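Single-structure report; data block below.
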2 protein chains.
Amino acid sequence: MKSSPMSRSTLKKTPLRPSSRQALVAPAFSPLYRQIKELMVRALGAGEWAPGAAIPSESELAVRFGVSQGTVRKAIDEMAAENLLVRRQGKGTFVASHNDPRSFYRFLRLTPDDGKVRQARSEPLGCRADEADEAVARVLQIQAGDAVVVLERLLRFSGDPVVLDEIILPADIFGTLTLDMLKHSDRSLYSVFESQFGVRMIRAEERLRAVAADARASSLLEVPEGTPLLLVERVTYTYGDRPVEWRRGRYATAQYHYFNELG
Amino acid sequence: MKSSPMSRSTLKKTPLRPSSRQALVAPAFSPLYRQIKELMVRALGAGEWAPGAAIPSESELAVRFGVSQGTVRKAIDEMAAENLLVRRQGKGTFVASHNDPRSFYRFLRLTPDDGKVRQARSEPLGCRADEADEAVARVLQIQAGDAVVVLERLLRFSGDPVVLDEIILPADIFGTLTLDMLKHSDRSLYSVFESQFGVRMIRAEERLRAVAADARASSLLEVPEGTPLLLVERVTYTYGDRPVEWRRGRYATAQYHYFNELG
DNA sequence: CAGTGGTCTAGACCACACT
DNA sequence: GTGTGGTCTAGACCACTGA
């Protein structure tokens, strides 16, 4: 069959086309590959394909969605660009996972000034139940007063304390989190979250400022009180842009810096 | 002509294929579209297409390079993703430019806490000739002792001083820069650099730390001495990954923050 | 209207990984 | 060898812009 107008209407899904023109101010025309992408993201969110596992091959998906392989490919291209999937030539396409050593500290932008790689070690300090205040509720899109879990931890690079994190998590997902689950794990937090709670962190937003070290930060990071610290507030999102973590980190930047590339 | 082995050898450029297999440890196989991209980047660097101007249409380029339109498209796709080009449906593909109001402060990540947009105004303070010390020379890939231009400027948001920048530029490009060229310009620095010196800033790397305000920063940013400030060191690159600017900015982050998205 | 980029398809072949 | 993703082509049609 040559490409013809018919091929469009023989699609199993008959995806919405902008034929009903000028619907609204924002008609939100969506090309086929983007609709396929949405279906696949939904499948990911629903857990149809587990983190680390291979998804079906491009040709299988093409059959399943009733489109050509090229269209599936474009959908996967975008998802790979967003770090939702990882392509491996000759092997297949895999669901990205924080269990993959290559992305253990994917969101950590702190780098030693001398560039030498160092072993990162997470030292959990405390884990308590609390209620969300106004600010937390707004960020996590829950109600003020809702139960949350507050986790404190220290991140060390080859022994030196460098990052003090306060991590706030909604209890409806992370309510059963305990210090013990983190104490003897040499994996990253997100790796544990993914395995134990089935929540995959997809993307994050960080807001940075400079602040003075308070008493607690000063003692834990082993710097004089008042030392300028980098305050990094992070909101982390899972599938469907749902915020599932609010993190406030204090970075000691005497021998480390926050690295960022601007494109 | 159906796609056949012949179509490969009828290419005008007969681009290098990895047929001579296993050349070295890093054979650096380069697909056609990437070779096309390299040719186009070189054309951009050589000034064949000026910033803001339209490049030839995809089909013209396909003829010129002796490849299919789809291959040119893939090359342009990558360049658009790197902000080298801007596609505009129905109009053409254009060379990205800092003169475009949409990218006036493309590399400035500072955002007001309340989210309200503010008018940014650059106030040049000084401009002097100097010699590169060891550190500057290393970053700008020039020789220690080479001539540089040092520019100081204050960035205000609706009147409030927020960023104090010290900007170091190689004199072989920017030797003729004067305060007057900046004094009465309401455009961004990079916009001036592009128009006056023909240097387009492509990408940048930033390294952030927290430091205490020294006397000068304190007086210009109108904060007490010792106030924690965000120190942002930026190296900016033009075509061919050539570093052409080293900038050291001190950001007052009482009502503003540095925003970063992690993908 | 013609010209541009944007989408979609179908098919061929290449590179890579496993068995 | 078989199956996967990766590249390249050719052609059709859609959507947008501006004359």
Side-chain angles (χ1 to χ4, degrees), chain A residues 1-11 13-23 27-37 53-63 65-80 85-94, chain B residues 1-23 27-37 54-63 65-80 85-94:
Chain A
M1 173 177 63
K2 290 279 192 149
S3 57
S4 71
M6 274 322 284
S7 64
R8 182 58 42 79
S9 46
T10 56
L11 291 172
K13 301 274 171 186
T14 53
L16 74 101
R17 303 298 295 170
S19 326
S20 50
R21 29 191 45 272
Q22 300 283 11
F29 159 71
S30 184
L32 239 194
Y33 72 85
R34 211 174 283 275
Q35 300 175 40
I36 303 301
K37 178 185 165 191
I55 68 171
S57 74
E58 294 181 353
S59 43
E60 279 180 84
L61 290 168
V63 172
F65 294 123
V67 299
S68 84
Q69 193 214 21
T71 300
V72 169
R73 167 159 274 271
K74 235 191 144 177
I76 294 180
D77 277 345
E78 284 204 355
M79 296 172 75
L85 300 175
V86 177
R87 318 185 85 132
R88 274 183 256 187
Q89 184 169 153
K91 300 179 74 172
T93 302
F94 300 78
Chain B
M1 174 175 65
K2 290 278 193 154
S3 58
S4 72
M6 275 320 284
S7 63
R8 183 55 45 78
S9 45
T10 55
L11 291 173
K12 292 196 183 111
K13 301 275 172 185
T14 53
L16 72 100
R17 304 297 295 168
S19 325
S20 50
R21 29 191 46 272
Q22 299 283 11
F29 159 72
S30 185
L32 240 196
Y33 72 86
R34 211 173 282 275
Q35 300 175 41
I36 303 299
K37 179 185 166 193
I55 67 171
S57 73
E58 295 182 351
S59 42
E60 280 179 83
L61 290 168
V63 172
F65 294 123
V67 300
S68 83
Q69 194 216 21
T71 300
V72 169
R73 166 160 275 271
K74 241 198 137 171
I76 294 179
D77 277 346
E78 285 205 355
M79 296 172 75
L85 300 175
V86 177
R87 319 186 83 131
R88 275 182 255 187
Q89 182 170 152
K91 301 180 73 173
T93 302
F94 300 77

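Keep in mind that this is a model prediction, so the values were computed, not measured. Labels below follow one simple rule: chain letters A, B, ... track the order of the sequence lines, proteins then strands, and each chain is numbered from 1.
Listed nucleotides C:dC8, D:dT9, D:dT7 differ in distance to B:Pro31; the shortest reach to its side chain belongs to D:dT7. Nearest to the side chain of B:Ser57, among C:dG5, D:dC8, C:dT9, sits C:dG5. Closest to the side chain of A:Glu58, out of D:dG6, D:dT9, D:dT7, is D:dG6. Here the nucleotide nearest the side chain of A:Glu60, chosen from D:dT4, D:dC8, C:dC8, is D:dT4. Of all nucleotides listed (C:dC8, D:dG5, C:dG5), D:dG5 comes nearest to the side chain of A:Arg73. Relative to the side chain of A:Thr93, the nucleotides D:dG5, C:dT9, D:dT7 differ in distance, and D:dG5 lies closest. Across C:dT4, D:dA10, C:dT7, the shortest atom-to-atom separation from the side chain of B:Ser68 is found for D:dA10.
B:Ile76 has its CD1 atom 12 Å from the C1' atom of C:dG6, to the nearest Å. Between the CZ atom of A:Phe65 and the P atom of C:dC8 there is a distance of 14 Å, rounded to whole Å. A straight line from CZ of B:Phe94 to P of C:dT4 spans 11 Å, rounded to a whole angstrom. Atom-to-atom, OH of A:Tyr33 to C1' of D:dA15 comes out at 13 Å; the value is rounded to the nearest Å. B:Gln35 places its CD atom 12 Å from the C1' atom of D:dT7, with the value rounded to the nearest Å. Rounded to whole Å, the distance from CD1 on A:Ile36 to C1' on C:dT7 is 13 Å. For the pair A:Lys37 NZ and C:dT7 P, the computed distance is 12 Å after rounding to whole Å. Distance CG (B:Asp77) to P (C:dC8): 14 Å, rounded to an integer number of Å.
Here the straight-line distance linking atom CG of B:Asp77 with atom OH of B:Tyr33 works out to 10.0 Å at 0.5 Å rounding.
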Between the protein and nucleotides 17-19 of chain D, list the N/O to N/O atom pairs that are separated by less than 3.5 angstrom.
| unit_1 | atom_1 | unit_2 | atom_2 | d |
| --- | --- | --- | --- | --- |
| D:dG18 | OP1 | B:Lys91 | NZ | 3.2 |

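Considering only heavy atoms from C-beta on, B:Thr93 stays 4.5 Å or farther from B:Val86 through its side chain. Using a 4.5 Å cut-off on side-chain heavy atoms (C-beta onward), B:Arg73 and B:Arg87 make contact.
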Decide side chain to side chain contact (heavy atoms under 4.5 Å, CB included) for B:Ile76 and B:Leu61; before the verdict, give the C-alpha distance in whole Å, the side-chain angles of both, and the deciding distance to 0.1 Å. CA-CA 10 Å; B:Ile76 294 179; B:Leu61 290 168; 4.2 Å; yes
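Looking at residues two or more places apart in sequence or on another chain, you find a side-chain contact (heavy atoms from CB on, under 4.5 Å) between B:Gln69 and B:Glu58, B:Ala62. In this view, A:Ser57 and A:Ser59, A:Glu60 satisfy the side-chain contact (heavy atoms from CB on, under 4.5 Å) rule, not counting sequence neighbours. Shown here are the salt bridge (charged side-chain N to carboxylate O under 4.0 Å, His left out) partners of B:Glu78, two or more places apart in sequence or in another chain: B:Arg34, B:Lys37.
Mapping B:Gln69 and B:Lys74 onto DNA chain D by nearest heavy atom places B:Lys74 at the nucleotide closer to the 5' end.
Remark: B:Arg87 is in phosphate contact with C:dG6, judged by side-chain N or O atoms under 4.0 Å from OP1 or OP2.
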Base-pairing string, 5' to 3', of DNA chain C - Watson-Crick or wobble, under 3.5 Å, | interstrand: ||||||||||||||||||.
